[in-house]
Amino acid sequence: MALDDPQARPSEPPRADGPRPSPTAAGLPPFAGDEVLPCGRLLSRVWEQAQDAAPVADPHTVSCPHCREAVEGLATVNAAAQALRAEDPPGLQALADRVMNVVRAEIRLGRLLPLADPDRDLRIAESAAAKLLRQAADTVPGARAATCRLVPVDEGTDVRVTMELAAALDRPLPDRVDQVRQSVLHSAERDLGLAVTTVDIVVVDVLEPWPPLSPGDPTGRGT
């Protein structure tokens, strides 16, 4: 995706925010090589919205740290690419493309988080850690992780986790949220070696509970 490509698709109105939408949810395939940010938004759509001369207020883009970081990074690269093209338009398109590939890779991986190992400087990409912690949350019956954000605390190895969750209401919500928190903490320590000090959980959606087990259906999920 060239930042100022005249052949680029026109921007579309922002969709309502929701848990991790599919890139093709709007019926339009993403650009070749397009990236999906950790919040679920396509990188191309976020950039097109930021470039709109009369942008429509989108609460998600305003509040989402993933979208803000992507727009800030792409704006810096775009300004540099335009300056280079002005000096030598024919010879610098390949360079701009290579720079954009690096930017997309960094956005996809997210920040690097320190592991709790005092003897070695080991780190893990935020996207990889967030994926595993979402899976840990999903192991709790009646819970599904929507988003997961990891942020280093101060300058040490401590990490703070913020997670959005969809949960069923067939049991007290505080009990289920606490079970998810314990599962996330356990996975962070056992599987990743992350020193997670806090897990903030916000319930953003309600799940229908699974039906009770029946003699003819050992899974309890029906047909």
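The analysis underlying the following values was restricted to heavy atoms, covering all of them including side chains, and did not include hydrogens, waters or symmetry mates.
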Considering only heavy atoms from C-beta outward, does the side chain of [X] approach that of [Y] to under 4.5 Å?
X: V180; Y: M163; value: yes
X: L74; Y: L43; value: yes
X: T147; Y: P38; value: no

[X] (side chain) donor-acceptor with [Y] (main chain) under 3.5 angstrom:
X: R68; Y: S63; answer: yes
X: R176; Y: A168; answer: yes
X: S183; Y: A136; answer: yes
X: R181; Y: V199; answer: yes

Measure the [atom1]-[atom2] distance between [X] and [Y] for me, rounded to the nearest 0.5 Å.
X: L133; Y: H186; atom1: CG; atom2: NE2; result: 12.0 Å
X: C148; Y: Q135; atom1: SG; atom2: CD; result: 11.0 Å
X: L173; Y: D178; atom1: CG; atom2: CG; result: 11.0 Å
X: T157; Y: R123; atom1: OG1; atom2: CZ; result: 10.0 Å

Nearest heavy-atom neighbours spanning [X] and [Y]:
X: L113; Y: L150; result: CD1-CB, 3.5 Å
X: L115; Y: L192; result: CD2-O, 3.4 Å
X: D138; Y: A145; result: OD1-N, 2.8 Å
X: V159; Y: P114; result: CG2-O, 4.5 Å
X: L37; Y: H66; result: CD1-O, 4.1 Å
X: A166; Y: L207; result: O-CD1, 3.6 Å

Crowding at CD, E189 (>12 non-hydrogen neighbours, <6.0 Å) | no
Kindly check if the number of other-residue, nucleotide or ligand heavy atoms within 6.0 Å of CZ (R171) is above 12?
-> yes
Transitive ILVMFWY side-chain link V184 to V151, under 4.5 Å = no
So if you build clusters from Ile, Leu, Val, Met, Phe, Trp, Tyr with side-chain heavy-atom gaps below 4.5 Å, do L194 and V153 land together?
-> no
Ion pair check, D205 and R144, cut-off under 4.0 Å = no
Salt bridge flag under 4.0 Å for residues R149 and E126 = yes
Show your working on side-chain contact (heavy atoms from CB on, under 4.5 Å) between R41 and C67 and close with a plain yes or no.
-> CA-CA 8 Å; R41 291 292 178 93; C67 292; 4.2 Å; yes
Would L42 and V36 satisfy side-chain contact (heavy atoms from CB on, under 4.5 Å), going step by step from the backbone distance to the final call?
-> CA-CA 5 Å; L42 282 173; V36 181; 3.8 Å; yes
